[in-house]
Visitor: 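Have a look at this one.
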Amino acid sequence: MDTRTQTLPPGWRIEATGPFPGSRACVLRLTHADGLEAVWEIEHGSTQCEAVKQLAAAMALTGESYRPEDEGSPPLLST
């Protein structure tokens, strides 16, 4: 597997979250500054959800992993 550092192009953000209490899904979201989004909602317990949880944990270890809070929503992880 290629383990070189990967970055997103300027203007893009990635978020990896979940599952949250009351939710059975993990969420992976790519967002562009102009509002374009790609969202994957993945069932809890799947291999893909485990990968999203590991990504979220790895992102939390960096000093730049949390995006500013939106009004009325919990903080989400991002790069």
Side-chain angles (χ1 to χ4, degrees):
M1 180 166 99
D2 186 353
T3 58
R4 291 177 291 173
T5 300
Q6 302 292 308
T7 59
L8 294 172
W12 286 93
R13 178 178 65 225
I14 187 170
E15 301 166 28
T17 59
F20 295 108
S23 169
R24 300 293 295 161
C26 293
V27 177
L28 184 63
R29 175 180 288 131
L30 294 174
T31 307
H32 190 267
D34 66 8
L36 290 174
E37 273 191 337
V39 180
W40 294 268
E41 192 171 300
I42 304 156
E43 183 64 31
H44 177 67
S46 69
T47 303
Q48 294 86 357
C49 187
E50 185 59 33
V52 171
K53 288 192 293 187
Q54 288 182 22
L55 175 60
M59 290 168 61
L61 295 175
T62 69
E64 53 195 68
S65 60
Y66 290 95
R67 73 170 200 196
E69 289 187 39
D70 293 329
E71 282 187 32
S73 35
L76 298 174
L77 297 176
S78 68
T79 59

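Atom set for the values below is all heavy atoms of this structure, side chains included, hydrogens, waters and symmetry mates excluded.
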Visitor: Mind checking the CG-CZ spacing from L8 to R13? Nearest 0.5 Å is all I need.
Guide: 10.5 Å
Visitor: Say you draw a straight line from CD of E37 to CD of E15; how long is it, rounded to the nearest 0.5 Å?
Guide: 7.5 Å
Visitor: Considering only heavy atoms from C-beta outward, does the side chain of W40 approach that of V52 to under 4.5 Å?
Guide: no
Visitor: OG1/T7 to CD1/I14 distance, rounded to the nearest 0.5 angstrom?
Guide: 11.5 Å
Visitor: My understanding is that only residues two or more places apart in sequence, or in another chain, count here; which of them pass ring-ring contact (aromatic ring centres under 6.0 Å, His included) with H32?
Guide: W12
Visitor: Show, in sequence, the C-alpha distance, side-chain angles and deciding distance for T31 and L36, and conclude whether the side-chain contact (heavy atoms from CB on, under 4.5 Å) test is met.
Guide: CA-CA 6 Å; T31 307; L36 290 174; over 6 Å; no
Visitor: Within a strict 4.5 Å, meaning less than it, do heavy atoms of the V39 and V27 side chains meet?
Guide: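 Answer yes - side chains close enough.
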Visitor: Starting at OG1 of T17, measure out to CZ of R29 and round the result to the nearest 0.5 Å.
Guide: 6.5 Å
Visitor: Provide the closest heavy-atom pair for A16 versus L28 in the form atom of the first, atom of the second, distance.
Guide: CB-CD1, 4.2 Å
Visitor: Does E41 have more than 12 heavy atoms from other residues, nucleotides or ligands lying within 6.0 Å of its CD?
Guide: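 No, the 6.0 Å shell around CD holds no more than 12 heavy atoms from other groups.
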Visitor: Are side-chain heavy atoms of H44 and E50 found at a separation under 4.5 Å?
Guide: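 Sidechains of E50 and H44: no contact.
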Visitor: First locate atom SG of C26, then atom CD of E43, and finally report the distance between them rounded to the nearest 0.5 Å.
Guide: 9.0 Å
